[in-house]
Amino acid sequence: MNLENINIVEVVEDIVLASVDYATYKNIDLVFDTEEEEIITAIDKDKIERAILNLLSNAIKFTHKGGSIYVYIKREKDKVFISVEDNGMGIPKDKINEIFNRFYQVSDTLKKHEEGSGIGLCIVEEIVDLHGGKINVYSEVNKGSKFEIILPIYMVEENFKNLQIKDIQQIVKLEMSDVDTKEN
């Protein structure tokens with residue numbers, strides 16, 4: 001991980017603003033709001049951007065035309081909360097524990113309408129874990145979903161690069177999960 005002290009509010013807002021055209025194409029209202037304009041914390045910017053982008057992409061895919069997506073950031077003590085909430089299709093309660101599994105799709109019907117590999121949420125969870133955080137999901141069918149990322153707020157020495165073997169192994173394992181390793 002390449003950690004740097006950065007304003008996470010700006011990082012998330014930039015990803016949301018870059019996604020507005022995609023939401024607009026589906027006539028979806030995409031709103032960003034924050035309690036604070038600046039929350040400085042140590043993050044790997046590229047990885048956090050990827051996680052937020054994945055959540056936004058899913059929200060746009062599974063929210064019907066005319067729907068809405070609300071991205072919100074707040075700080076509570078030594079934690080930052082980032083939520084991506086939509087009023088889309090929602091996830092059945094019995095499937096919520098499965099959605100972070102690699103290659104899992106809620107249903108074949110959804111897959112036919114919105115193509116994807118089924119590894120996006122698994123990657124999001126890995127990124128959040130690498131940052132020492134956690135992700136919560138709240139969802140109800142036909143009412144929507146809310147994904148909430150909770151990250152610790154801390155600082156590192158300026159331009160500190162933290163690349164740990166464990167992190168590399170987790171990332172490689174995740175990215176290579178579809179490679180057949182059995183001998184023929």
Side-chain angles (χ1 to χ4, degrees), residues 1 3-93 95-100 106 110 114 116 119-156:
M1 294 228 308
L3 296 174
E4 57 183 316
N5 301 328
I6 195 163
N7 181 4
I8 194 166
V9 175
E10 185 177 305
V11 171
V12 174
E13 183 176 21
D14 288 348
I15 289 293
V16 172
L17 292 175
S19 303
V20 166
D21 288 346
Y22 295 94
T24 301
Y25 178 75
K26 279 188 70 177
N27 194 29
I28 295 171
D29 189 26
L30 178 55
V31 177
F32 173 80
D33 196 13
T34 180
E35 288 184 4
E36 297 184 39
E37 293 300 318
E38 185 175 86
I39 302 172
I40 305 294
T41 188
I43 60 169
D44 183 313
K45 182 181 177 202
D46 292 338
K47 287 179 178 53
I48 292 297
E49 286 174 338
R50 184 174 184 184
I52 300 302
L53 187 57
N54 182 275
L55 294 179
L56 279 173
S57 172
N58 284 346
I60 291 169
K61 282 191 250 182
F62 298 111
T63 298
H64 303 292
K65 288 185 184 270
S68 62
I69 300 168
Y70 184 65
V71 180
Y72 183 72
I73 299 179
K74 68 179 180 178
R75 177 186 187 142
E76 287 185 9
K77 298 181 182 177
D78 61 346
K79 293 183 175 27
V80 61
F81 292 74
I82 306 164
S83 64
V84 177
E85 186 172 1
D86 64 63
N87 61 355
M89 299 172 71
I91 304 163
K93 289 195 185 316
K95 305 293 184 193
I96 288 178
N97 290 332
E98 305 291 327
I99 62 172
F100 292 104
V106 172
L110 294 180
E114 301 294 343
I119 63 170
L121 290 175
C122 181
I123 291 171
V124 170
E125 185 178 52
E126 288 287 326
I127 289 169
V128 171
D129 286 347
L130 287 171
H131 282 83
K134 69 179 198 169
I135 185 165
N136 297 319
V137 182
Y138 311 94
S139 189
E140 192 173 336
V141 173
N142 297 322
K143 295 207 173 177
S145 300
K146 177 180 179 180
F147 287 80
E148 179 182 59
I149 295 173
I150 304 167
L151 298 174
I153 296 174
Y154 63 96
M155 301 297 191
V156 293

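Keep in mind that what you see is a predicted model, and the values were worked out from it rather than measured. When reading the values below, keep in mind they use all heavy atoms of this one structure, side chains included, and skip hydrogens, waters and symmetry mates.
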Kindly give the heavy-atom pair with the smallest separation between [X] and [Y], and that separation in Å.
X: Lys45; Y: Ile6; answer: CD-CD1, 3.7 Å
X: Phe147; Y: Ile135; answer: CD2-CD1, 4.2 Å
X: Ala51; Y: Val124; answer: O-CG2, 3.7 Å
X: Pro152; Y: Gly132; answer: CD-O, 3.5 Å

| Are Val80 and Ile73 close enough, and set up right, to give a side chain to side chain contact (heavy atoms under 4.5 Å, CB included), and what steps lead you there? | CA-CA 7 Å; Val80 61; Ile73 299 179; 3.7 Å; yes

Whether [X] side chain and [Y] backbone form a donor-acceptor pair below 3.5 Å:
X: Thr24; Y: Val20; answer: yes
X: Asp44; Y: His131; answer: no
X: Asn87; Y: Lys143; answer: no
X: Arg50; Y: Ile52; answer: no
X: Ser139; Y: Ile91; answer: yes
X: Lys74; Y: Thr34; answer: no

Is there side-chain contact between [X] and [Y], with at least one heavy-atom pair below 4.5 Å?
X: Phe81; Y: Glu76; value: yes
X: Tyr70; Y: Asp33; value: yes
X: Val156; Y: Asn5; value: yes
X: Ile60; Y: Tyr25; value: no
X: Ile69; Y: Val84; value: yes
X: Thr41; Y: Leu151; value: no
X: Ser19; Y: Leu53; value: yes

| query | Between Glu85 and Tyr138, does any side-chain donor sit less than 3.5 Å from a side-chain acceptor? | reply | no

| note | Across all chains, not counting sequence neighbours, the side-chain hydrogen bond (donor to acceptor under 3.5 Å, both in side chains) partners of Asp46 are none

Could you tell me the separation between the [atom1] atom of [X] and the [atom2] atom of [Y], rounded to the nearest 0.5 Å?
X: Asn54; Y: Ile15; atom1: CG; atom2: CD1; value: 11.5 Å
X: Leu56; Y: Lys61; atom1: CG; atom2: NZ; value: 11.5 Å
X: Glu35; Y: Arg75; atom1: CD; atom2: CZ; value: 11.5 Å
X: Asn27; Y: His64; atom1: CG; atom2: NE2; value: 13.5 Å
X: Ile28; Y: Thr63; atom1: CD1; atom2: OG1; value: 5.0 Å
X: Lys77; Y: Lys79; atom1: NZ; atom2: NZ; value: 9.5 Å

| request: Assess whether atom CD of Glu10 is packed by more than 12 heavy atoms of other residues, nucleotides or ligands within 6.0 Å. | output: no

| query | Going through the distances and angles, do Ile123 and Ile127 end up as a side chain to side chain contact (heavy atoms under 4.5 Å, CB included)? | reply | CA-CA 6 Å; Ile123 291 171; Ile127 289 169; 3.7 Å; yes

| note | Only residue of Val12, Ile82, Val9 satisfying side chain to side chain contact (heavy atoms under 4.5 Å, CB included) with Ile39 is Val9

